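Here's the structure, in structure tokens; my notes come after.
Please read all numbers here as calculations on a predicted model, not as lab measurements. Naming: A, B, ... by sequence-line order, numbering from 1 per chain.
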Amino acid sequence: MNKPVSNKQAEAIASALLDWYASHARTLPWRAPPGRQPDPYHVWLSEIMLQQTTVATVRRRFDDFIRRWPNVRALAAAPLEEVMAAWAGLGYYARARNLHKCAQVVAGELGGRFPDTPQALQELPGIGPYTAGAIAAIAFGHPAVAMDTNAERVIARLFAVEEPLPDAKPRLRALAEALLRPHVPGDFAQALMDLGAMICTARKPACGSCPLRASCAAHAGRLAEVLPRRARKAARPTRVGDAFFITRVDSHVLLRRRPARGMLGGMVEFPSSGWDGQPAPFDDDTPFGLAFEQLASEVRHTFTHFHLCLKLHHLAEPLGERQAAALALPRGWFWHPVGDMDTVGLPTLMRKASTFLREHAP
DNA sequence: AATCCGTGGTA
DNA sequence: TTACCAAGGAT
């Protein structure tokens, strides 16, 4: 059990944190210059992208979205398929579907303006407790904490919270709320993130450079390296599946869009079996009854909760145009130029597979 | 409440 | 190679 935070202690910690932030804040594309309010659309888009995704990755992709869709109305007006393609490679594709849905709600029902309270924000698709707090605090100056893994790590160490995550979440949030300075909630939220990203890192924290080390219980107890504790994660099994390159003599390949829900939901793929290693539709009856040859190379890819070994198959002879036209393509299947695979917006697993297509395409 | 959902970097 | 980790949310 942790002692409650005194006002004096909270003030000392918060002021040290905010002082440090004033001179060490990271400059990021979605942040406003000092003294200016950021665009809520930029804050929202960046926060969705940053969910479980590194700043380095989002840095490379954020500007593309802003250039292409400069405001929430533009994004709402875009076809979902284009948004999914633009999101390709970022992972957690439900984020892209919810991003588009959220844009439509904001642009439509809300007149193009984002709500400014955590409660209202959390009603929107893809916005949970963290993101709601972050947008409310950063974009609107609403007194809310943004409890991401950075904030949780910093707070857990500061107060030497031994309870493992995720059970400790409510306790950590309460401690953060006790430190929150209501006059600068946006700075407070971003200061915790920047400290967690640059000083109070998950591995090898730089306690010697930390503005909070005088107040840090973990530092005093030499516990910084081992906190926060986490429940152990389950081991990842390996699954197998099959993917098929169905090519046409004029250098087109057959692709299809996956169902909206589930793994890689809504994304484009090469026609594939299921991935459970069980006899799938294509294992005993290949697509359209065509004869395939298996490639020597396999694609290995790791998802959140399993490894996948994808076996690749190709036609010995590409289909003639007349043959191809005779195929009854199910809904969502389409021919695509082999030379244009980069613009389809393939998820990474299929992008890896596509590198082997070149060797077997006409 | 426990599980599902991507990807890239790092030790 | 494996395991862990990163500005989490939905069901």
Side-chain angles (χ1 to χ4, degrees), chain A residues 26 28-31 38 42-62 84 87-99 101-102 121-139 144-154 165-167 169 173 176 186 188-198 200-205 225-226 228-239 258-267 269 275 300-308 345-352:
Chain A
R26 288 175 292 179
L28 299 169
W30 47 89
R31 284 186 177 173
H42 291 194
V43 175
W44 165 71
L45 177 60
S46 69
E47 291 300 345
I48 302 299
M49 284 188 163
L50 285 160
Q51 289 168 3
Q52 297 288 283
T53 305
T54 60
V55 168
T57 297
V58 174
R59 266 183 177 283
R60 292 194 291 268
R61 306 291 295 271
F62 178 79
M84 300 302 291
W87 196 271
L90 279 172
Y92 286 134
Y93 296 100
R95 291 186 297 170
R97 299 194 299 275
N98 287 328
L99 184 84
K101 180 63 179 170
C102 182
L121 284 160
Q122 206 173 328
E123 295 297 314
L124 295 168
I127 299 182
Y130 160 73
T131 305
I135 297 174
I138 297 169
V145 295
M147 295 305 291
D148 70 332
T149 58
N150 285 306
E152 287 176 347
R153 185 172 58 252
V154 171
L165 285 166
D167 289 354
K169 280 174 179 285
R173 169 176 284 272
F188 183 82
Q190 294 176 98
L192 275 182
M193 295 180 206
D194 282 16
L195 189 74
M198 296 189 286
C200 196
T201 50
R203 290 178 286 239
K204 308 249 181 215
E225 297 261 9
V226 300
R229 303 190 192 280
R230 294 178 192 277
R232 295 195 61 81
K233 292 168 184 168
R236 280 191 280 238
T238 296
R239 303 184 188 176
R258 294 175 61 85
R261 303 205 168 240
M263 289 289 304
L264 308 181
M267 299 301 287
E269 68 171 358
W275 298 341
R300 292 181 185 278
H301 189 73
T302 298
F303 294 105
T304 308
H305 50 293
F306 63 93
H307 304 287
L308 178 66
L346 294 179
T348 298
L349 168 67
M350 294 297 158
R351 187 173 52 74
K352 288 181 181 176

Item to complete: Indicate the ring-plane relationship of F303(A) and H301(A), choosing parallel, tilted or perpendicular according to the 30° and 60° boundaries.
Response: perpendicular
Worksheet item: What is the nucleic acid contact for A202(A), judged by heavy atoms within less than 4.0 Å: base, sugar-phosphate only, or nothing?
Response: sugar-phosphate
Discussion item. Distance check needed: dC5(B) P versus Y93(A) OH, whole Å only.
Written reply: 14 Å
Worksheet item: Does the R97(A) side chain pair with the main chain of G265(A), one donor and one acceptor, at a distance under 3.5 Å?
Response: yes
Worksheet item: Within the structure shown, what part of the strands sits under 4.0 Å from T302(A) by heavy-atom distance: base, sugar-phosphate, or nothing?
Response: base
Item to complete: Just jot down the salt bridge (Lys or Arg N to Asp or Glu O under 4.0 Å) partners of E152(A), sequence neighbours excluded, or say none.
Response: K169(A)
Item to complete: Please state how far atom CE in M350(A) lies from atom P in dG6(B), giving the value in whole angstrom units.
Response: 12 Å
Worksheet item: Base, sugar-phosphate alone, or nothing: which one does W30(A) contact when heavy atoms must sit under 4.0 Å apart?
Response: base
Fill in: Length of the CH2-P vector between W275(A) and dG6(B), whole Å
8 Å
Worksheet item: Looking across every strand, which nucleic acid part, if any, lies under 4.0 Å from M193(A) by heavy atom: base, sugar-phosphate, or nothing?
Response: base
Worksheet item: Do side-chain atoms of T201(A) reach the backbone of M198(A) as a donor and acceptor pair under 3.5 angstrom?
Response: no
Fill in: Check: L192(A) and N150(A) side chains under 4.5 Å, non-hydrogen atoms
no
Discussion item. For a quick check of understanding: with a heavy-atom distance under 4.0 Å over all strands, which category does V58(A) fall into, base, sugar-phosphate or nothing?
Written reply: nothing
Worksheet item: Using a cut-off of less than 4.0 Å, is there contact between a side-chain N or O of H305(A) and OP1 or OP2 of dC5(B)?
Response: yes
Item to complete: Please check if the side chain of E47(A) supplies one atom and the backbone of V43(A) the other of a donor-acceptor pair under 3.5 Å.
Response: no
Which pairs, protein N/O on one side and nucleotides 8-11 of chain B N/O on the other, fall under 3.5 Å?
unit_1: dG8(B); atom_1: OP1; unit_2: R351(A); atom_2: NH2; d: 3.4

Worksheet entry | Whole-Å distance separating the CZ atom of R95(A) from the C1' atom of dC5(B) | 10 Å
Fill in: Check: M84(A) and M267(A) side chains under 4.5 Å, non-hydrogen atoms
yes
Item to complete: Quick one: label R261(A) by what it contacts on the DNA or RNA (base, sugar-phosphate, nothing), any heavy atom closer than 4.0 Å.
Response: sugar-phosphate
Discussion item. Categorize L90(A) for me: base, sugar-phosphate, or nothing, with a 4.0 angstrom heavy-atom threshold over every strand shown.
Written reply: base
Worksheet entry | Parallel, tilted or perpendicular, as decided by the 30° and 60° cut-offs, for the rings of H42(A) and F62(A) | perpendicular
Fill in: Segment of DNA chain C, first to last nucleotide, that comes within the 4.0 Å heavy-atom reach of chain A
dC4(C) to dT11(C)
Worksheet item: For the pair made of NZ in K169(A) and P in dA1(B), what is the distance, rounded to whole Å?
Response: 14 Å
Discussion item. Less than 3.5 Å apart, any donor N or O on the side chain of Q51(A) or Y130(A) sitting next to an acceptor on the other?
Written reply: no
